[in-house]
Protein chains: 2
Amino acid sequence: MRRREGDPIICTVDVVLLTLRDDSLCVLLLKRDREPFAGALALPGGYVRPDEDQDAAAAASRVLREKTGLVSPYLEQLATFSGPARDPRGWSVSVVYFALVPSSMLQADPPGVELLPVARLPRLPFDHGEIVREAVARLRAKSQYSSLPVYLCPERFTLPQLQAVYEAVLGEPINKVSFRRKMDELGMLEPIPGELEVGRAHRPAQLYRLRPEYRHALSMVDRGINARG
Amino acid sequence: MRRREGDPIICTVDVVLLTLRDDSLCVLLLKRDREPFAGALALPGGYVRPDEDQDAAAAASRVLREKTGLVSPYLEQLATFSGPARDPRGWSVSVVYFALVPSSMLQADPPGVELLPVARLPRLPFDHGEIVREAVARLRAKSQYSSLPVYLCPERFTLPQLQAVYEAVLGEPINKVSFRRKMDELGMLEPIPGELEVGRAHRPAQLYRLRPEYRHALSMVDRGINARG
DNA sequence: CGAATAGTGTCTGTTAGACATTATCGA
DNA sequence: TCGATAATGTCTAACAGACACTATTCG
């Protein structure tokens with residue numbers, strides 16, 4: 001299985017799908033059904049198909065759909081990983097995307113799908129461990145100053161729920177008053193008229209949703225969601 | 001020259017080298033000496049060579065060195081561009097890196113090398129126009145909160161020089177006092193003992209250099225170099 | 001009514017930016 | 001001495017975060 005001169009470069013895509021499960025950030029892994037690393041848990045990935053895919057993003061979207069049935073509302077290019085050693089089949093290039101989905105999209109996991117907390121991952125095949133670390137770092141960095149974590153929420157959510165999501169992602173508490181001020185500044189949320197979260201033994205919370213124009217665009221602030229001195 | 005089924009994916013790297021010339025941000029372009037687009041100005045780029053390159057970053061570094069003789073002190077992966085139409089030779093994947101160098105490194109341009117201001121670029125072949133726009137956007141975004149622009153400075157520089165570089169990159173004036181406070185907070189600069197910029201008809205400015213530990217690492221602040229309300 | 005959490009008003013310490021002042025060179 | 005710019009001190013307005021207070025539901 002070693003590379004010989006003249007072998008073509010292996011061209012693949014991989015997807016790091018992140019979601020929140022029980023307040024902890026989890027990554028979607030699949031049990032590999034073929035070599036190399038058959039039986040091991042790894043990121044969903046596959047070959048780019050030039051006859052089928054319009055670009056690498058389309059390939060990533062297709063691979064995710066074929067292997068998990070999921071269509072992610074958010075898919076961003078993370079980075080490209082390459083080299084002779086990361087895949088035992090030979091010199092490879094993998095364009096990696098990261099996806100964010102609300103946990104409600106993962107109620108019925110397809111067979112072979114696992115959600116593992118990123119805080120305590122087993123050793124992963126290929127360079128998938130490093131890839132997941134980079135994806136989590138990117139999510140944390142962007143969450144400091146953007147609305148990215150909204151994609152981890154269901155369509156309708158309350159501000160306390162959204163704040164809990166930010167806190168789970170960033171791993172630190174956020175000041176309630178500042179958080180609400182920032183969300184207000186970002187201007188991407190709208191209250192759903194008359195809709196309140198009911199059934200809890202306290203004052204009901206207003207339900208919000210993303211304004212349509214922010215459905216597929218991020219909103220940024222200058223100084224961070226949780227600015228510190 | 002059209003793609004046929006079964007053709008391998010074309011795997012290349014391109015480099016966006018940015019520098020400051022006369023206070024304006026410029027990109028390095030080369031006159032292409034072969035088809036496609038022979039004679040046109042384009043980003044330095046070339047095929048990944050699996051037998052030679054340890055990864056795509058090494059390929060980018062090699063391509064830049066072979067085509068311009070330059071070794072950039074800063075080389076960061078920008079993004080990967082792919083699809084059937086961006087290269088007339090067929091379905092291609094290009095891993096793009098961006099480099100920052102001080103203008104002093106570009107005194108004697110090799111033949112065929114051009115430095116053009118990014119503000120008024122001609123139409124570029126492939127998708128190189130879009131690639132340059134993304135590189136400039138990345139530089140501007142990172143300059144808001146990091147020490148990235150110091151790579152555009154020579155080894156020894158004064159704080160007013162560095163501020164002028166930030167202002168040229170960001171395209172807006174910066175408050176002098178705030179700028180110096182931020183540079184102090186970043187803690188990445190050290191005054192060169194006893195070295196002052198001489199020969200100007202005013203009080204001489206202290207010369208600074210990057211602390212060794214920041215030679216190849218960025219320094220970040222929470223709230224931005226030029227935080228605004 | 002009490003427990004619990006949502007949502008808001010207010011105060012305070014910190015920070016960024018404006019402005020003024022001093023310092024140090026060449027001409 | 002003057003012009004020019006470096007470098008720094010000080011004041012103020014804006015902002016983040018702490019705290020307290022009110023609002024509204026269920027049991």
Side-chain angles (χ1 to χ4, degrees), chain A residues 23 143-147 153-154 156-168 170-187 189-209 220-229, chain B residues 23 143-147 153 156-168 170-187 189-209 219-229:
Chain A
D23 281 343
S143 298
Q144 292 284 354
Y145 59 88
S146 83
S147 61
C153 283
R156 294 144 26 101
F157 52 87
T158 68
L159 285 182
Q161 279 169 12
L162 182 59
Q163 180 170 348
V165 169
Y166 268 90
E167 287 171 339
L170 296 176
E172 59 183 359
I174 301 177
N175 179 279
K176 182 174 61 164
V177 180
S178 300
F179 179 76
R180 287 165 170 266
R181 268 196 295 242
K182 285 293 180 190
M183 287 304 123
D184 191 45
E185 278 173 37
L186 283 168
L189 303 183
E190 60 183 6
I192 309 175
E195 299 236 16
L196 302 176
E197 185 194 38
V198 290
R200 317 265 251 105
H202 54 76
R203 175 172 174 179
Q206 175 67 53
L207 282 167
Y208 288 81
R209 65 179 165 221
M220 314 272 190
V221 288
D222 272 350
R223 302 212 193 173
I225 300 295
N226 190 21
R228 288 152 297 174
Chain B
D23 282 342
S143 297
Q144 293 284 355
Y145 59 88
S146 82
S147 61
C153 283
R156 295 144 27 103
F157 51 87
T158 68
L159 284 182
Q161 279 170 11
L162 182 59
Q163 180 170 349
V165 169
Y166 268 91
E167 287 172 338
L170 296 176
E172 59 183 358
I174 301 177
N175 179 278
K176 181 173 65 165
V177 180
S178 300
F179 179 76
R180 294 164 100 83
R181 268 197 294 245
K182 285 293 180 190
M183 287 302 123
D184 191 46
E185 279 173 36
L186 283 168
L189 303 182
E190 61 184 6
I192 309 175
E195 299 238 15
L196 301 178
E197 185 195 38
V198 290
R200 316 267 251 99
H202 53 76
R203 175 172 172 179
Q206 174 68 52
L207 282 168
Y208 288 81
R209 64 178 165 222
S219 186
M220 314 272 190
V221 288
D222 271 350
R223 301 210 195 173
I225 300 295
N226 189 21
R228 287 151 300 173

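Sequence lines set the chain letters: A, B, ... in the order given, protein chains first and strands last, and positions in each chain run from 1. For clarity, every value in this text was computed on a predicted model and none was experimentally measured.
Nucleotide D:dA20 holds its P atom 14 Å from the CG atom of A:Asn175, rounded to whole Å. Nucleotide C:dT15 holds its C1' atom 14 Å from the CG atom of B:Asp184, rounded to whole Å.
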Per-nucleotide protein contact string for nucleotides 1-10 of chain D, where B marks a base within reach and S marks sugar-phosphate only (heavy atoms under 4.0 Å, - for neither): --BBBBBBB-
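The minimum heavy-atom distance linking B:Ile192 with B:Arg156 is given by the pair CD1-CG, 3.3 Å. For the residue pair B:Ser143 and B:Leu170, the shortest heavy atom distance occurs at CB-CD2, 3.8 Å. Nearest heavy-atom pair, B:Gln163 versus B:Asn175, reported as atom, atom and distance to 0.1 Å: NE2-C, 4.2 Å.
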Worked verdict on A:Leu189 versus A:Arg209 for side chain to side chain contact (heavy atoms under 4.5 Å, CB included): CA-CA 6 Å; A:Leu189 303 183; A:Arg209 65 179 165 221; over 6 Å; no
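Looking at residues two or more places apart in sequence or on another chain, you find no salt bridge (Lys or Arg N to Asp or Glu O under 4.0 Å) involving A:Arg180.
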